[in-house]
Number of protein chains: 2
Amino acid sequence: MSDEFCSCDIVHENVIEMVRKKMPQEEKLYDLAELFKVFGDTTRVKIISALFEAEMCVCDIAELLHMTQSAISHQLRVLRQARLVKHRKEGKVVFYSLDDEHIKTIFNQGLEHILEPRGFEYAIS
Amino acid sequence: MSDEFCSCDIVHENVIEMVRKKMPQEEKLYDLAELFKVFGDTTRVKIISALFEAEMCVCDIAELLHMTQSAISHQLRVLRQARLVKHRKEGKVVFYSLDDEHIKTIFNQGLEHILEPRGFEYAIS
DNA sequence: TGCTCATATGAACAATTGCTCATATATTAA
DNA sequence: TTAATATATGAGCAATTGTTCATATGAGCA
């Protein structure tokens, strides 16, 4: 109980210790959150969703999403840094495509969660 | 080409149209981003990761993560609203546990992406 | 009833983020 | 080289977000 992070008395020490031992390293969980943060933006989700269908150049994506070339370019940078997309240069044009097999699974599972029938018990009892 | 969202001339109309037809509805992509936004925070990732191992009360989670009861409670609310955790009341104590089969798959795929060997081509060409 | 404990929640503040605007870089063509 | 085009990028700003602090709710107990 040592340090006081909680005003409560009922701390199940055994559970806490067991969980602490089994949990992944802090660094990995941080990286995982960073990855999901990349997926957590509508524009980036749309870009990824588009690249599932075809390789596209920056200009095409901008036109498709009715957004600025600059805005798209900035977001593509984020996706590149997360190693989620790769690029191919052809003259002045840069074509982007997906660079990871896991994205599809993650997206599909996410969509399945969304499509699940909603219960009626939202609030806490 | 109609509206100008991009200063470029080289727009591959056929690709854009094909992709536009195949992409999921805008609303679903929005919801998907909202879901990933929930995963995109270290504290919430840690909470979920802990709940993979055992059902826990608010106080235990706070102690485990060395964080305030208030901070944990706020984040649990976000997880509840996303229908990712469920709760069970036992007297004054509220126990939380995971409420979705897809989370595990999403997490595992995310971890696999992170563990992939990194290439050395970060910057653009 | 009144007290205590476990949890929930509202307000406020600092930090982060996505877009815009202006500009830089790189490639092709004249 | 100069001009034009496709993309990248830095600064700045508005909007969002996670935490803290104070307080509310609600259940068990004296």
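Predicted model, so just to flag it, every value in this text is computed and none were measured. Computed from heavy atoms alone, side chains included, the values below leave out hydrogens, waters and symmetry copies.
Computed from coordinates, the A/F39 CZ to C/dG18 P distance equals 14 Å when rounded to whole Å. In this entry the distance linking CG of A/L65 with P of C/dC19 reads 10 Å, nearest Å. Per the geometry, CZ belonging to B/F95 stands 8 Å off P belonging to C/dT7, to the nearest Å. One atom, CG of A/L79, and another, P of C/dT17, lie 14 Å apart when rounded to the nearest Å. Following rounding to the nearest Å, B/M56 (CE) and C/dT7 (P) show an atom-to-atom distance of 11 Å. Taking atom NZ of A/K46 as the reference point, atom C1' of C/dC19 lies 14 Å away to the nearest angstrom. Distance B/I72 CD1 to C/dT9 C1': 15 Å, rounded to the nearest Å.
No close placement of the A/F39 and B/F39 rings is indicated, their centers lying 6.0 Å or farther apart.
Considering only side-chain N and O atoms, A/K89 lies under 4.0 angstrom from the phosphate OP1 or OP2 of C/dT27. Listed pair A/Y96 / D/dA8 meets the phosphate criterion, a side-chain N or O lying under 4.0 Å from OP1 or OP2.
The two atoms that bring A/T43 and A/L65 nearest to each other are O-CD1, 4.3 Å, heavy atoms only. Taking each heavy atom of B/H87 and B/R80 in turn, the nearest pair found is ND1-CD, 3.8 Å. Summarising the geometry of B/K86 relative to B/L98, their closest heavy-atom pair is CE-O, 3.6 Å, with the distance given to 0.1 Å. Annotation for A/D99 and A/V85: closest pair CB-C, 3.7 Å, computed over non-hydrogen atoms.
We find the CD-CG distance between B/E34 and A/D41 to be 9.5 Å, quoted to the nearest 0.5 Å.
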Exercise. Mark up nucleotides 12-20 of chain D, 5' to 3', with B wherever a protein heavy atom is under 4.0 angstrom from a base atom, S wherever such an atom reaches only the sugar-phosphate, and - elsewhere.
Key: -----SSSB
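Here D/dA22 sits opposite C/dT9 as a Watson-Crick or G-U wobble pair (both hydrogen-bonding atom distances under 3.5 Å).
Comparing C/dA8, D/dA8, D/dG28 against the side chain of B/Q69 picks out C/dA8 as the nearest. For B/K92, counting side-chain heavy atoms from C-beta on, the closest listed nucleotide (D/dA8, C/dT9, D/dA27) is D/dA27.
A/E90 has its side chain within reach of A/R88: a pair of non-hydrogen atoms, C-beta onward, lies under 4.5 Å apart.
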